[in-house]
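Data block below; observations after.
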2 protein chains.
Amino acid sequence: MVGMPTIYDVARHAGVSPATVSRVLNGHEGVDAALTARVRESAATLGYRPNSLARNLRRSTTNLWAVIISDVNNPFFTAVVRGVEDAGQDLGYSVVLCNSDEQPDKEARYVTALLADQISGFIVSPTSRTANIRALVDAGRAVVAIDRRPRGLALDTVLVDNEHGAREATAHLIDQGYERIACITGPSRLSTASQRLRGFRAALRAAGRTPEPELERHADFRERGGYEAMADLAAARPDAVFVANNLMTVGALEFLSDKGIRVPDEVAVVGFDDVPWATFIRPPLSTVTQPTYELGRTAATLLKSRIDDPGRPPTVATLRTELHVRASSRRR
Amino acid sequence: MVGMPTIYDVARHAGVSPATVSRVLNGHEGVDAALTARVRESAATLGYRPNSLARNLRRSTTNLWAVIISDVNNPFFTAVVRGVEDAGQDLGYSVVLCNSDEQPDKEARYVTALLADQISGFIVSPTSRTANIRALVDAGRAVVAIDRRPRGLALDTVLVDNEHGAREATAHLIDQGYERIACITGPSRLSTASQRLRGFRAALRAAGRTPEPELERHADFRERGGYEAMADLAAARPDAVFVANNLMTVGALEFLSDKGIRVPDEVAVVGFDDVPWATFIRPPLSTVTQPTYELGRTAATLLKSRIDDPGRPPTVATLRTELHVRASSRRR
DNA sequence: CTGTTAGCGCCTTCAA
DNA sequence: TTGAAGGCGCTAACAG
């Protein structure tokens, strides 16, 4: 025997047929106890490991999941991936990570490549082009969307309650007595961005105020966009700002710091998403945190049950956010 | 035809043999131009995609690489992974990400599982237990070590010049006139930790000073460890501290901030590794940055050439660090 | 230059 | 309950 031992080697060693070895190793019922023991022992002494390539070819599937996220630089997504990975490993799956960089074309390329790889399940934070996701679904693959709701496609989806989170953050600012509260949200094509904006407006209305367009901005969910939006907003003289994701919050803070605008004395800030080391930024940053790791685990669970029961109607799981009030939004 | 079209379907459609289809699709030389065109066309019209499971079984390899890193929460490693991934994709490989969490047992479990998966290449930041890596090498897999030198094993390795980086950082502190310079480094079993400590001491000696044990601490390369080491150091009254990784730097800053110790007036700080948003921490943090993305790309290149030429003698690539001086270590 | 053929290692009927 | 045999889709010898 030259390479890794095969099921034939084990069979010979145990004095049984390959079929029996296969049955034992796959836990099929109704194999004689004595044979089972012998097979187990032979497998152990030979150091047999099933060749997953052959198994997968035979079963025409793999134990691989692919996670296609839209920004690896965003700690939000990497935390989610960790949740997926841990849960996936428990269920016997390995996870391949792909970064679409929020570009539909890059996403499309991944989809095409991965389709050929018999990947058994996909977890995707969809870019705006739903066609990519549809291709996966049409090819009969199990797919779970995270973070965003894919437009016009019924899918297992894990979201957080963006509207609630934004509303709570804004209500807190109102509560602290801020008068001119601004909002920097993401691209309007992304459901997260519009939901967070909606929550912002809802809180204002609930307090008897009217949302003012001059205090609202759309940017790109990245640091630079947050910086520019904040610069642009400055003319409107807000005394507080709710920023709809972590990277843009960092950008907005950067602008304020560059201009020597004090937080929270001149402008209070609350950010959506956790910012790593939020407590280190001076002043410590108030945030609406999302249960990122949980989100990943939930997506993994949904994916597994979709694989086991492809006909099941789609589920949408919505997780709660949590407001953490810190110094950046507290009146002295 | 019910499922995906196979190479036989294409062959029939194009009126050639499966072998010819295979040759065309794999770009083998010397196939008649007319046939080539016909095969290409048939494949296109049928929407043929090669089944990589079958191909891999036949070739008994995969187009998968596994990256086993020791801490997914550390932005250093995630940045490296990005470099690996981008380069890998260019070379036709997908990347599976695994997190050993600095635990040899967890690493061992991954190694065992992945060995069965015919993964074609491994990039590993080894934990202290070299046996795990040795298992990969013994099984004939292509392996590249990153960040740390695996003890007692000749391997393709990508490192940064830790000693130089630490020395430069320390020299800068000396230059600024600090007198009692402390060092918080990592676990002594990790080469990165000991090299950075060595660089620190070398700089002191070069300035005619003697390293004092009471100003040196080993911690665990995590935030909490940095916090505790700083707390412990405080009694020795340092006026500057060089912290040998990013997470511990954050921990040390946290302690200083908790105690109201001003940076850099009372204690100056330089950290090794980039800290995301280093510019946001007040005061902006001086850092020794590593070329993380480049490190990943280099590892990918080495891995590829190891796969192509398994007999090649091992290469050790050492990349340079860069000192970025910011306010946290500047005398007023 | 092209086609025929024999597996890669496993699982799963089918028959005994 | 166990064994024999075929085939998943592809590629690499080997013939022609």
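So that the names make sense, note that chain A is the first sequence line, chain B the second, and so on, each numbered from 1. These figures come from a predicted structure and were not determined experimentally. Quick note: numbers below take in every heavy atom, side chains included, and nothing from hydrogens, waters or symmetry partners.
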Just list the side-chain donor-acceptor pairs under 3.5 Å for residues 294-308 of chain B, sequence neighbours left out, or say none.
from, atom 1, to, atom 2, distance (Å)
Arg297(B), NH1, Tyr293(B), OH, 3.4
Thr298(B), OG1, Glu294(B), O, 2.7
Thr301(B), OG1, Arg297(B), O, 2.8
Lys304(B), NZ, Asp308(B), OD1, 3.3
Lys304(B), NZ, Asp308(B), OD2, 3.4
Ser305(B), OG, Thr301(B), O, 3.4
Ser305(B), OG, Leu302(B), O, 3.1
Ser305(B), OG, Arg312(B), NH2, 3.0
Arg306(B), NE, Asp156(B), OD2, 2.6
Arg306(B), NH1, Pro310(B), O, 2.8
Arg306(B), NH1, Arg312(B), O, 2.8
Arg306(B), NH2, Asp156(B), OD1, 3.4
Arg306(B), NH2, Asp156(B), OD2, 3.0
Arg306(B), NH2, Arg312(B), O, 2.8

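- In terms of the salt bridge (charged side-chain N to carboxylate O under 4.0 Å, His left out) criterion, Arg55(B) has no residue partners (sequence neighbours excluded).
- Every pair passing salt bridge (charged side-chain N to carboxylate O under 4.0 Å, His left out) that includes a residue from residues 120-133 of chain B is listed here, sequence neighbours excluded: Asp105(B)-Arg129(B).
- When the side-chain nitrogen and oxygen atoms of Thr20(B) are compared with OP1 and OP2 of dG3(C), one or more of them lie within a distance under 4.0 Å.
- Applying the side chain to side chain donor-acceptor pair (under 3.5 Å) test to every pair with at least one member in residues 32-49 of chain A, sequence neighbours left out, gives these pairs: His13(A)-Ser42(A).
- By the side chain to side chain contact (heavy atoms under 4.5 Å, CB included) test, Val84(A) pairs with Trp65(A), Val67(A), Val80(A), Val95(A), Ile123(A), sequence neighbours left out.
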- Item | Sequence-aligned protein contact record of nucleotides 8-16 of chain D, with B where the base is within under 4.0 Å of a protein heavy atom and S where only the sugar-phosphate is | BBBBBB---
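- Protein atom CG of Asn56(B) is 15 Å distant from nucleotide atom C1' of dC10(C), rounded to whole Å.
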